[in-house]
Visitor: 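Dropping a structure here in C-alpha cells format, bear with me for questions.
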Amino acid sequence: MQDVFAELQWRGLIHQTTDDEYLPRLLREKPWTVYAGFDPTADSLHVGHLMALMILRRFQRAGHRPIALAGGATGMIGDPSGKSEERKLLSPDVLQANLDGVTPQLQKFLDFDAGDRSAVLVNNYDWMGRFGYLEFLRDVGKHFPVNVMLAKDSVRSRLENAEAGLSYTEFSYMLLQAYDFVNLLDNYDCRLQVGGSDQWGNITAGIDLARRLRGVQLYGATCPLLENRFGQKMGKTEAGALWLDPEKTSPYRFYQYWINLDDEDVGKCLRFFTDLAREEIDAVSAAHQAAPEKRTAQRRLAAELTRLVHGPEGLQAAEQATDVFFGAEIHELSDDQLTAIFDDVPSRELPRSRLDGAGLDIVEALAAAGLAKSKGEARRIIGQGGAYINNRRVENPQRQLTAADLAGQSVMVLRTGKKNYALLRFL
RNA sequence: GGGGGGUUUCCCGAGCGGUCAAAGGGGCCAGACUGUAAAUCUGGUGGCAAUGCCUUCGAAGGUUCGAAUCCUUCACCCCCCA
C-alpha cells in the first residue's frame, strides 16, 4: 500500500483533516473508497475542480477506489459555501446540459478499468430524486441541530451580511451533501470524503450524520484553494474561468495560462497538478532556479497539464500555435494550418476583390479586423510601431495590402501590439 | 414637509460665458526594457473625407454673436433640519 497521505502532504494538497492522527495510518493499512462531489454549475469543469480531481486520481494510483459524484440533485439546490450571495436556480434543461458536459470530463481523469479499485461515477439525483419531503425531514433532517448548522462558516457569513441573505433552500444544502456521504457509505463502504477547504462544513455534516444514523466513524480531508502568491484565486483569465472543455478554453489558451505563471506559483502547481515524481519536480525546480528566464518549470507544467486535459493532439496544437504566435514572420503556411493555429483568433471575411488594383488600405484593414476601434486608432497604432502583417511590422500608414501579403491562399494575419491577432479571409 | 449640494468624456475628478474634445489621476492601448514575468520608463487615449468639420459635459427647452459653464422645467442621487 503506497502512502498516499504522505504523498498528498508533500504536494501541499492537504489543508485540513478530521483526524490527523489516525487517518494517515488507516490509509496505509488497506484500500479505501474515497469520494469527491462536483456540482454541475456549468457545462464544463474548470481548473478549480482539478484539485479535487487530482486528489482522487492520486488515491486511485495508490491503490484506493475513487468515486466521482456528479451533483444532479445538489446542483438543483446550490451550495452556499464560499458564495457571498444567494444564487439563481438552474433550470432543469440547463442542469441536464451541464450534467452531460461535466460527466465525461470526470471520467477522463480516473481509471474505470482497474479491477477492484476501478473508479465509480455516481449521480446523487439517483437516490435523492426519489426521496419524499416528509420522509427526508423525518429520516435526515431530524438529526441536524439547527444551532450546529448556524455555526457553519458558510451559513454564518451569509447571515452576518444582511444584504446577502440565505434562503431556506440553500440553508438545507448541507443536509443533502451529508446524506450523500451516508448513502455512499451504505452502498460502497465509502468512508472518506475530500474536497476544497470551503467544503469542510459539508463534509463534517456528513460525518456527524453517519455517526448518528449508522454509528460509523467517517473521515474527511480538504485541500487548499488554488491561490497565487498574492492570495488571489487562480485559474481565471480576463475571459473568465479556465475551462477544461476545449470549446470553451482552447488548448492554446489553456497552455498559455500555465506558461505565463509567476515563478513563485509554478512549483506549487507542478506538485498540485502533475504526476511527476518528487525527484523530477525537484530537478525541474532546480533547473528553473538556475535559469529562470528559460522558464523550464512553466514549460514543463504547461506541457504536462495540457496533455492530461487535452491529450497529445491538444498539446501539439498548443505548442505549434505558440511557436507561431511568438515566432518570426509568417510565410509558407497553408490556410488549413493557419486556421488551426489561429483557432482562437477572431476572423473577418472580406471579398477577394478588395485586394485587386491599388489594394486594401492598411488602416481600413485593421479597423475591419476589429483590432482598432476606429481608423483614427489604427493610424495611431501604426504611428507607434504597433501594427504587423504576418508578424512583420508595418510603419507606413499609407501601405496598401495586395494578394502578395497573403500568408496562406486566402488568409492574412494581422496583429497589433505583442499578441493581439486577427485574421482576414479574402473570399 | 423645509433647506442645501450634486449629475462632466471608460472610472474617479477639475472646469463655472469664449483660449474646452474639456486639467489631473486610474484604467486601457502602443513602444522601450525583459524571461510571453514583475517593476520601470516613453507616447497615446471621441469620430471623420482631418491645418478643418461633426458628436460629447443627466434630459428637454431658453438667454447669448458664443454655453460644460447663465436661466426654466423634468429625472435621478446625496446631505442637513423636521
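Values below: every heavy atom of this structure, side chains too, minus hydrogens, waters and symmetry copies.
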Visitor: Looking only at atom C1', what distance separates B:U64 and B:G18, rounded to whole Å?
Guide: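 Taking atom C1' in both B:U64 and B:G18, they lie 12 Å apart.
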Visitor: Using the side chain to side chain donor-acceptor pair (under 3.5 Å) criterion, which residues pair with A:K375? Sequence neighbours excluded.
Guide: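 A:K375 satisfies side chain to side chain donor-acceptor pair (under 3.5 Å) with no other residue.
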Visitor: Sequence neighbours excluded, which residues qualify as ring pair (Phe, Tyr, Trp, His ring centres under 6.0 Å) partners of A:H46?
Guide: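 Once residues adjacent in sequence are excluded, the partners of A:H46 under the ring pair (Phe, Tyr, Trp, His ring centres under 6.0 Å) criterion are A:H49, A:W243.
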Visitor: Of all residues at least two apart in sequence or in a different chain, which pass the salt bridge (Lys or Arg N to Asp or Glu O under 4.0 Å) check with A:R354?
Guide: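 In terms of salt bridge (Lys or Arg N to Asp or Glu O under 4.0 Å), with neighbours along the sequence ignored, A:R354 is linked to A:E364.
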Visitor: Residues in side chain to side chain donor-acceptor pair (under 3.5 Å) with A:D20, at least two apart?
Guide: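 Residues passing side chain to side chain donor-acceptor pair (under 3.5 Å) with A:D20: A:T17.
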Visitor: When rounded to the nearest Å, what value does the distance between P atoms of B:G3 and B:U8 take?
Guide: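 To the nearest whole Å, 26 Å.
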Visitor: Strictly below 4.0 Å, heavy-atom distances to any atom of RNA chain B: list the hits from residues 293-305 of chain A, or just say none.
Guide: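 Those residues whose heavy atoms fall under 4.0 Å from RNA chain B, taken from residues 293-305 of chain A in numerical order, are A:E293, A:R295, A:Q298.
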Visitor: Considering only atom P, compute the distance from B:A38 to B:A59 and round it to an integer number of Å.
Guide: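 Straight-line distance between the two P atoms is 40 Å.
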Visitor: Provide the distance between the two C1' atoms, one in B:C78 and one in B:U56, to the nearest whole Å.
Guide: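 After rounding to an integer number of Å, I get 26 Å for this pair.
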Visitor: Pairs under 3.5 angstrom only: tabulate donor-acceptor contacts from the side chains of residues 165-172 of chain A to other protein residues two or more places apart or in another chain.
Guide:
residue	atom	partner	partner atom	Å
A:S167	OG	A:E86	OE1	3.2
A:S167	OG	A:E86	OE2	2.5
A:S167	OG	A:T169	N	3.4
A:S167	OG	A:E170	N	3.2
A:E170	OE1	A:R158	NH1	3.2
A:E170	OE1	A:R158	NH2	3.0
A:E170	OE2	A:R87	N	2.9
A:S172	OG	A:Y168	O	2.7

Visitor: Listed by chain and number, what are the salt bridge (Lys or Arg N to Asp or Glu O under 4.0 Å) partners of A:D198, not counting sequence neighbours?
Guide: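 For A:D198, no residue satisfies salt bridge (Lys or Arg N to Asp or Glu O under 4.0 Å) once neighbours in sequence are set aside.
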Visitor: Run the side-chain donor-acceptor check on residues 57-70 of chain A: report pairs under 3.5 Å with partners two or more places apart or on a different chain.
Guide:
residue	atom	partner	partner atom	Å
A:R57	NE	A:D275	OD2	3.2
A:R57	NH1	A:F109	O	3.3
A:R57	NH2	A:D275	OD2	2.7
A:R58	NH1	A:F272	O	3.0
A:R58	NH2	A:T274	O	2.3
A:Q60	OE1	A:D111	N	2.9
A:Q60	NE2	A:D111	O	2.7
A:Q60	NE2	A:R117	O	2.9
A:H64	ND1	A:W32	N	2.8
A:R65	NE	A:T33	OG1	3.2
A:R65	NH2	A:T33	OG1	3.3
A:R65	NH2	A:Y188	O	3.0

Visitor: Taking the nucleotide of RNA chain B with the nearest heavy atom to each, does A:Y255 or A:K375 sit closer to the 5' end?
Guide: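 That would be A:Y255.
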Visitor: Just the atom pairs and distances: protein N or O near nucleotides 27-31 of chain B's N or O, under 3.5 Å.
Guide:
residue	atom	partner	partner atom	Å
B:A30	OP1	A:N420	ND2	2.4
B:A30	O2'	A:Q384	O	3.3
B:G31	OP1	A:Y388	OH	3.2

Visitor: For A:R300, check salt bridge (Lys or Arg N to Asp or Glu O under 4.0 Å) against everything at least two apart and list the hits.
Guide: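 Scan of A:R300 (salt bridge (Lys or Arg N to Asp or Glu O under 4.0 Å), adjacent residues dropped) gives A:E280, A:E304.
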Visitor: B:C10 and B:C57: how far apart are their C1' atoms, nearest whole angstrom?
Guide: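 About 15 Å, rounded to a whole number of Å.
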Visitor: I'd like the C1' distance from B:U9 over to B:U73, given in whole Å.
Guide: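 Their C1' atoms lie roughly 26 Å apart.
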Visitor: Can you tell me which stems involve RNA chain B, if a stem is defined as three or more consecutive Watson-Crick or G-U wobble pairs, both distances under 3.5 Å?
Guide: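 The stems that RNA chain B takes part in, listed by first number, are B:1-7 with B:75-81, B:10-12 with B:24-26, B:27-32 with B:40-45, B:46-48 with B:52-54, B:58-62 with B:70-74.
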Visitor: Does the side chain of A:S374 get closer than 4.0 angstrom to OP1 or OP2 of B:G46 through an N or O atom?
Guide: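 Answer no for this pair, as no side-chain N or O of A:S374 is under 4.0 Å from OP1 or OP2.
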Visitor: Going by the rule salt bridge (Lys or Arg N to Asp or Glu O under 4.0 Å), which residues pair with A:E319 if we only count those two or more places apart in sequence or in a different chain?
Guide: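 A:E319 satisfies salt bridge (Lys or Arg N to Asp or Glu O under 4.0 Å) with no other residue.
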